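Everything numeric in this text was worked out from a predicted model, so none of it was measured. Hydrogens, waters and symmetry mates are skipped; everything else that's a heavy atom, side chains included, is used.
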Amino acid sequence: MEETIFFNRGNALTSDVDQEELMKKVQIEKDKRGLNNKLVVVQDNRGEYLLFDFSDADSENDRSSEFQVKQIIEDDKVE
């Protein structure tokens with residue numbers, strides 16, 4: 001799945017350079033927040049992985065950055 005999406009980097013829930021560590025943080029965020037909505041793992045052009053709430057997606061503008069979607073997490077399903 002190579003999809004591009006725009007987010008304001010300041011809205012990231014967490015970030016890490018190691019995708020496995022980020023996935024541990026994903027589970028912590030889901031447990032802590034009780035999120036039932038979509039989360040998305042993206043990667044920036046420097047190789048850093050970031051976690052966003054999918055509803056925070058933005059249009060391309062001067063506050064947003066372009067990211068490559070790596071995984072979508074929705075109700076305990078990983079796509």
Given the rule in the side-chain contact (heavy atoms from CB on, under 4.5 Å) test, do Asp44 and Arg9 qualify, once you have shown the distances and angles that lead to the verdict?
-> CA-CA 10 Å; Asp44 68 9; Arg9 187 179 266 285; 2.5 Å; yes
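- For the ring-ring contact (aromatic ring centres under 6.0 Å, His included) test, residues two or more places apart in sequence or in another chain that qualify with Phe67 are Phe52.
- Scored by the side-chain contact (heavy atoms from CB on, under 4.5 Å) test, Asn61 finds Asp58, Ser59, Arg63, Ser64 as partners (sequence neighbours excluded).
- With rounding to the nearest 0.5 angstrom, the CG atom of Asp53 is 8.0 Å from the CZ atom of Phe7.
- In this structure, Glu60 CD and Glu66 CD are separated by 7.0 Å, a value rounded to the nearest 0.5 Å.
- Salt bridge Lys70/Glu3: absent, no basic N to carboxylate O contact under 4.0 Å.
- Residue pairs meeting the salt bridge (charged side-chain N to carboxylate O under 4.0 Å, His left out) criterion with at least one member in residues 13-25, sequence neighbours excluded, are Asp16-Lys25, Glu21-Lys24.
- Hydrophobic clustering (ILVMFWY, side-chain heavy atoms < 4.5 Å, transitive): Leu50 and Phe54 are in one cluster.
- Separating the CD1 atom in Ile73 from the CG atom in Leu39 is a distance of 5.5 Å, to the nearest 0.5 Å.
- Note that CG of Asn45 is 8.5 Å distant from OG of Ser65, once rounded to the nearest 0.5 Å.
- For the pair Val41 and Val26, the minimum side-chain heavy-atom distance is below 4.5 Å.
- At a threshold of 4.5 Å between non-hydrogen side-chain atoms, the residues Gln71 and Gln19 count as touching.
- Interatomic distance, Ile5 CD1 to Asp56 CG, rounded to the nearest 0.5 Å: 10.0 Å.
- Nearest approach of Tyr49 to Leu22, heavy atoms of both residues: CB-CD2, 3.5 Å.
- Taken from CG in Asn11 to CG in Leu51, the straight-line distance is 12.0 Å, to the nearest 0.5 Å.
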